[in-house]
Q: 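Can you read through this structure? Questions will come right after.
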Amino acid sequence: MSDENENDLIAQRRQQLHELRESGNAFSNDFRRDSLAADLVAKYEEKTKEELEGEGVKVAIAGRMMSRRIMGKASFAHIQDMSGKIQLYVRRDDLPEGLYNTGFKKWDIGDIIGATGTVMKTNKGELSIHVDSIKLLTKSLQPLPEKFHGLTDQEMRYRQRYVDLIMNEDTRNTFKIRSQVVEFIRSYLNNENYLEVETPMMHVIPGGATARPFKTHHNSLDMELFLRIAPELYLKRLVVGGFERVFEINRSFRNEGLSPRHNPEFTMLEFYQAYSDYEDLMNLTEDMLRKLTTELFGSNEVTYQDDTYDLGKPFERMTVVESILKYNDAITIEDLQSLEKIKDHAQRLDIPLEDSYGLGKIQIEIFEKTVEAKLLAPTFITQYPTEVSPLARKNDSDPFVTDRFEFFIGGREIANGFSELNDPEDQAERFRKQVEEKEAGDAEAMHFDDDYITALEYGMPPTAGEGIGIDRLVMFLTDSPTIRDVILFPHMRSKASS
RNA sequence: GGGCCGUUAGCUCAGCCGGUAGAGCAGUGGAUUUUUAAUCCAUUGGUCGGGCGUUCGAAUCGCCCACGGCCCA
């Protein structure tokens, strides 16, 4: 922010900073704390005022001053650190001469301070620190939002997440839970003998999903590269290489619109295990999510947007066809097998069709339009058409569908998994179909990945793999209505400079 | 890409059938030695998102643009 844009509030604080510079090091780094706010509260809250006076526990604490109430020669202030808040009781006559009036009273809410003192309890029963020394560690030039309403402007919460994090405990909690979710999954898979790996984010051929990629350019190689849309094909190369259980938790990128459920970069867990099929992964998913909610909340009940979901009960399982029949009284099983009749239904449902769409693709369009949002309770939908599953293994008894599932909760897709297609000739044929669709104008269709076919030709053991959208899972677990609430710095348009 | 809603003090918001801007908190000055949305007295602070138009006169009405939100594609 340039000088001419600054208001009086900032100018006043900058003047204070200037005075601090004149009188010594304004940004000293010589204070060391020995305690965190929440730890002190947890440890001493149960003690009485008298007990604490008898014990005289000395502590050093540091954090951001979030509130202050000056009452003449004594003041109360709250400081906030990474663990929470604690109140300081600051008395003029307990501090070195002059510090109270020329220092503490001139500091601002938002300043970062360090203090030492004795653990005490106020008459009203709040655990506090009776301060005997206090120091300004970092001057804050920007005024914080109002204390009661905090920061509510959504745009500012996303653009200036640091202010949101200072002001809103809910925001801090969301990202703490996000961290716990990732940590849990990592340890769960490690316990299952998985190896965590990192595969390229810059791909020569974007693969592993049907989506439009971001393009970039490597200068010294003078070649076009794509940000990955999925890590899938590299992870399966590792299974070919003998890493029979691998996982990766990291970013993928899709060049699509923004919405409450879509950010251009998002985090996915993908994991692959050899000598397993999609049913094994459904069981694993169910077990992992159940243990995750137990770990996070001590229960399997999750409330999302006023509805409560019980992940303790067995998850429902239904095929794509069964689910369409269940939610569409007007459609019969015979209709679903007839291209003519299914097209009529699609038209009735206002679903735009392309000439290239086959029966399977139209089924999925109908599924997405009429079923997805209704899958509230935890549900696995299985047997996705081969036409829309170019990397999945065909079902042994019905090659029209694949051994694939997607997992839904609260009407949203959270996971996608299948028995992997490890027949190199079938895979090559599927790639050729995708290329035909790309040439027919489908920008999301896949490329032909020669090296991936070569890898399969070395032999990939029978394998099952799955991807879980971490952002959407965290949305569900933190009752967040939009993906922007679970991404620290969500993508925003550039603000026009004045 | 389309529709609807929003953008006013540092923050949270009023004001909008046109007459030139208000409150609370924060800030500043003062009182106050157990407060906690502290209290009491006084007080500073505004390109009303940007532009163009209508009008004697626009925060207010119209059009365009930017950013944000929700819904749809």
Q: What residues from residues 481-492 of chain A pass a heavy-atom cutoff of under 4.0 Å to RNA chain B?
A: Thr482(A), Arg484(A), Met492(A)
Q: How long is the line joining CE of Met120(A) and C1' of rU36(B), in whole Å?
A: 13 Å
Q: Ignoring hydrogens and angles, does a donor from either the side chain of Glu126(A) or the base of rU34(B) sit under 3.5 Å from an acceptor on the other?
A: no
Q: Taking atom P in both rA58(B) and rC72(B), compute the distance separating them and give it to the nearest angstrom.
A: 41 Å
Q: Test the Lys361(A)-Tyr357(A) pair against the cation-pi criterion, namely NZ or CZ under 6.0 angstrom from the six-membered ring centroid and within 45° of the ring axis.
A: yes
Q: When the P atoms of rC11(B) and rA26(B) are compared, how many Å lie between them, rounded to an integer?
A: 15 Å
Q: Would you measure the distance from the P atom in rU7(B) across to the matching atom in rC13(B) and give it in whole Å?
A: 10 Å
Q: Which whole number of Å gives the distance between the P atom of rU47(B) and that of rU39(B)?
A: 29 Å
Q: Should Arg14(A) and Glu19(A) count as side-chain neighbours, where that means a heavy-atom distance under 4.5 Å?
A: no
Q: In whole Å, what separates the P atom of rG19(B) from that of rC5(B)?
A: 22 Å
Q: Would you kindly give the CD1-to-C1' distance between Ile70(A) and rG27(B), to the nearest whole Å?
A: 12 Å
Q: Just checking Phe315(A) against Phe407(A), ring centres under 6.0 Å apart?
A: yes
